[in-house]
Amino acid sequence: MKKAILNLIAVLTVLMLIETASAGPDGHYGGHICFYRMDTNGDEQVSPEEFKRFYNDNPKLFKIIDQNEDGGISHEEYEEYWDNIEETK
């Protein structure tokens with residue numbers, strides 16, 4: 001039993017290290033925060049309130065990503081923004 005617990009701790013430690021290593025220097029994955037982590041109420045839209053929790057109240061960035069100007073960022077808008085950023089690198 002003791003050995004099984006130690007093995008489990010070792011596996012969890014390795015998984016945690018892999019997860020940390022895959023994050024960027026700002027703690028974001030792939031250069032940006034996962035859309036679904038921001039969408040805290042699960043309505044498939046990120047509101048300005050949800051957005052500012054992760055992007056330190058950056059209304060200019062919110063407006064850039066919210067391409068249809070409906071006051072919310074859809075998953076499609078979010079991914080399109082980051083895909084365009086990746087293409088310009």
Side-chain angles (χ1 to χ4, degrees):
M1 179 70 170
K2 197 181 220 182
K3 189 173 182 177
I5 292 173
L6 290 175
N7 284 338
L8 179 61
I9 290 171
V11 168
L12 292 174
T13 301
V14 168
L15 290 174
M16 201 167 63
L17 289 172
I18 290 170
E19 177 111 2
T20 302
S22 66
D26 56 0
H28 303 155
Y29 300 89
H32 59 92
I33 297 170
C34 178
F35 176 85
Y36 296 105
R37 286 187 58 206
M38 287 192 300
D39 182 22
T40 56
N41 66 1
D43 68 351
E44 300 292 322
Q45 291 278 315
V46 174
S47 69
E49 294 77 24
E50 290 169 321
F51 188 81
K52 70 180 165 185
R53 287 186 205 137
F54 290 88
Y55 285 100
N56 299 319
D57 197 15
N58 189 339
K60 288 182 182 179
L61 180 58
F62 185 90
K63 287 180 182 182
I64 290 169
I65 298 173
D66 181 21
Q67 294 177 359
N68 65 2
E69 300 176 352
D70 66 351
I73 297 173
S74 68
H75 187 259
E76 183 179 324
E77 289 172 318
Y78 189 73
E79 289 301 317
E80 186 174 322
Y81 172 79
W82 287 107
D83 287 346
N84 290 335
I85 294 294
E86 293 295 317
E87 288 174 8
T88 60
K89 286 184 179 180

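This is a predicted model, so every value here is computed, not measured.
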Step by step, would you call N41 with E50 a side-chain contact (heavy atoms from CB on, under 4.5 Å)? CA-CA 9 Å; N41 66 1; E50 290 169 321; 3.2 Å; yes
V46 vs Y78, test: side-chain contact (heavy atoms from CB on, under 4.5 Å). Steps then yes/no. CA-CA 9 Å; V46 174; Y78 189 73; over 6 Å; no
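Of all heavy-atom pairs between G71 and P48, the closest is O-CD, 3.4 Å. Nearest heavy atoms, S74 versus Q45: CB-NE2, 3.5 Å. When all heavy atoms of E44 and D39 are compared, the closest pair comes out as N-OD2, 2.8 Å. Closest of all the heavy-atom pairs between E80 and Q67 is OE2-OE1, 3.3 Å. The two residues F54 and M38 make their nearest non-hydrogen contact at CD1-CG, 3.4 Å.
Considering only residues two or more places apart in sequence or on other chains, L61 meets the side chain to side chain contact (heavy atoms under 4.5 Å, CB included) condition with F51, Y55, N58, I65, Y81. By the side chain to side chain donor-acceptor pair (under 3.5 Å) test, E69 pairs with no residue at all, sequence neighbours left out.
Within 6.0 Å of the CD atom in E76, the count of heavy atoms belonging to other residues, nucleotides or ligands does not exceed 12.
Atom CD of E77 is separated from atom CG of D66 by 5.0 Å, given to the nearest 0.5 angstrom. To the nearest 0.5 Å, atoms NZ (K52) and OG (S47) are separated by 9.0 Å.
The shortest distance between side-chain heavy atoms of T40 and R53 falls below 4.5 Å.
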